[in-house]
Amino acid sequence: MSVVTLGEDAPRLAPEEIHTLSSKAGLKIRADHVDDFGRLLGALDQSVQSILDDEDYYPKPDLEKYPRTDICYALDSPEKSDKGGWASKCNFKCVSPTSKLLQGKTIALKDNVAVAGIRCTNGTAAMDWTPQLDATIATRIMDASGTITGKAACENACMEGVSDTSVTGKVHNPYADNYSCGGSSSGSGRLVGTGSVDMAIGGDQGGSIRIPSSMCGIVGLKPSWGLVPYTGIISLEYTIDHTGSMTKTVQDAALLLEAIAGPDGIDDRQPPFLPEGILQYTKNLDDFFNSSDNHSRPLAGVRIGVLEEGFTIPNMDPNIFSLCKKAIDQLTSLGADVKNVSVPAHGNAAVVWMCSMPIAGGRQGLLSDMSGRKQLYLTDRVKLSGKTLTQEAFDKLSPGGQNLYLRYLYLEGKYGPELHAKCSNLLRKLSLSWCDGINQRRRVDDYDHVLKDVDVLVMPTLPSPPCKLFDEPSKHGPLERLSRNVGLVGNTAPFNSTGHPALTVPVGFVPAHEDENVKLPCGLQIVGKKWNDIDCLKIGAAWEKAVNWKEFT
Ligand SMILES: NC(=O)c1ccccc1
């Protein structure tokens with residue numbers, strides 16, 4: 001870095017530059033101050049230039065230990081995408097001396113997770129980014145000897161819940177072609193659902209792990225906020241960003257969570273340390289089942305609250321309603337203490353989530369402005385977005401991303417930070433801060449008030465079954481395309497804002513709305529106390545041991 005001086009011959013801004021700058025902001029600078037500010041800003045710019053000339057600071061991927069070869073992109077060979085599931089495939093050498101936890105498991109990463117040298121689409125052509133780093137969770141999977149076999153398709157800019165918006169093509173439901181896998185982690189849902197991989201990583205800001213998991217008949221866990229590092233993953237909005245597992249079984253969910261959870265020292269949402277033993281999910285799960293002396297009633301002593309408002313969200317399908325009630329009866333017969341509970345604020349929580357998202361989400365998710373954080377910034381990707389979206393980038397977004405940007409411009413212009421501030425407080429009212437157990441003096445509100453009496457809340461993951469994909473999506477207008485998302489996140493999005501862990505397990509099939517002969521998967525959502533992801537896993541695993549979900553009616 002060079003030494004900057006404010007001497008007579010130091011670089012300075014000309015008076016016209018100061019004038020242009022201030023008049024754009026509607027300000028006038030006193031005539032006798034113009035030269036002073038010109039010199040101050042000129043010196044600043046000299047410092048900035050020295051920083052831009054310096055190297056950036058990223059975690060270095062270990063390409064020698066974990067080489068990746070034979071990269072094949074769905075954009076080049078769509079026929080190799082497995083009906084849309086893959087965004088890219090690769091050959092990864094992942095034999096680690098460190099741990100064998102994931103040995104023998106094949107794993108797909110959602111295509112918003114950075115893997116060095118492999119193009120990362122985020123489901124959209126609006127930005128073309130090839131990362132030079134591995135996300136923390138990718139490194140952790142390699143260090144646990146997991147075999148990464150590629151990147152799974154993701155819906156456009158992670159802003160869609162129906163699987164016909166990705167730049168890599170439509171993703172078909174594992175149980176019926178031309179039906180939705182959900183989104184935005186659509187490829188992860190399909191690939192695990194069809195058995196193309198054992199496990200996948202998904203991302204979730206409003207339901208994007210749980211929606212495709214429910215629709216593809218698999219287990220999806222949105223972990224507690226901050227449990228799994230988001231470092232090196234494309235963000236939508238940092239208060240609601242989560243990454244987590246999508247697996248065939250709850251046992252595998254525990255296994256993958258164990259591999260990826262815990263502080264990485266970079267993601268500033270994470271606590272620096274966690275209670276002893278909390279990350280040993282597989283052992284804790286085994287201990288739970290081994291300690292039960294009544295194997296036909298493994299859930300004896302577990303308290304389950306049936307969230308009434310979770311069954312009355314808009315568009316609730318009667319078949320989903322009754323199937324989930326029956327699944328809950330099954331939990332009762334497994335010994336659980338089940339009672340109805342009410343959180344009146346639940347009905348409106350997704351609406352607050354929706355009004356809160358655009359201002360911060362447009363800036364962070366579409367313009368890549370994450371200022372205020374102390375974490376790893378993806379500088380090379382930030383460079384691609386610019387200060388405002390270009391026409392070209394806007395045109396490449398699907399209606400969900402375009403709508404987010406217009407909502408951002410509209411709400412930012414009309415209400416500014418005041419709206420975002422109020423929404424954030426209302427969302428915080430739903431739940432204590434993430435250290436609620438420690439700070440007992442705080443008021444106990446909404447969900448956490450009820451979670452004092454029960455261990456978990458249960459409700460349908462989604463109000464409606466997967467819908468049909470459009471034959472030619474681009475022939476349909478934004479309203480028609482986005483209408484398919486309406487109400488979808490009523491039971492999922494609230495827990496992105498509160499940060500509670502939320503697991504979806506498949507509980508059977510329901511008829512599609514378009515054709516009653518088409519039967520598609522349906523999930524039950526289990527929401528736990530913060531940091532008690534293990535409670536969700538225990539109940540899910542008890543269900544899975546007792547019931548063959550494909551035959552449950
Ligand atoms: N990223 C998300 O979680 C999401 C889910 C559904 C619709 C839009 C976004």
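Start at 1 and go down the list; that is how both ligands and their atoms are numbered. What you see below is based on every heavy atom in this structure, not just the backbone, and it leaves out hydrogens, waters and symmetry mates.
Looking at K105 and D252, a side-chain N of the basic residue comes within less than 4.0 Å of a carboxylate O on the acidic one, giving a salt bridge. Looking at K222 and D204, no side-chain N of the basic residue comes within less than 4.0 Å of a carboxylate O on the acidic one, giving no salt bridge. Electrostatic pairing of K396 and E392 counts as a salt bridge here, judged by a charged N lying under 4.0 Å from a carboxylate O.
Figure legend: cation-pi geometry between R373 and Y238, with NZ or CZ positioned under 6.0 Å from the six-membered ring centre and within 45° of its axis. Figure legend: K325 and F311 shown as a cation-pi pair, the cationic atom lying under 6.0 angstrom from the six-membered ring centre and within 45 degrees of its axis.
Across S214 and T504, no two heavy atoms sit closer than the pair CB-OG1, 4.1 Å.
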Contacts table for ligand 1: protein N or O within a distance under 3.5 Å of ligand N or O, distances only.
from, atom 1, to, atom 2, distance (Å)
ligand 1, 1 (N), C158, O, 2.9
ligand 1, 1 (N), Q205, OE1, 2.9
ligand 1, 1 (N), S208, OG, 2.9
ligand 1, 3 (O), Q205, N, 2.9
ligand 1, 3 (O), G206, N, 2.5
ligand 1, 3 (O), G207, N, 3.1
ligand 1, 3 (O), S208, N, 3.1
ligand 1, 3 (O), S208, OG, 2.7

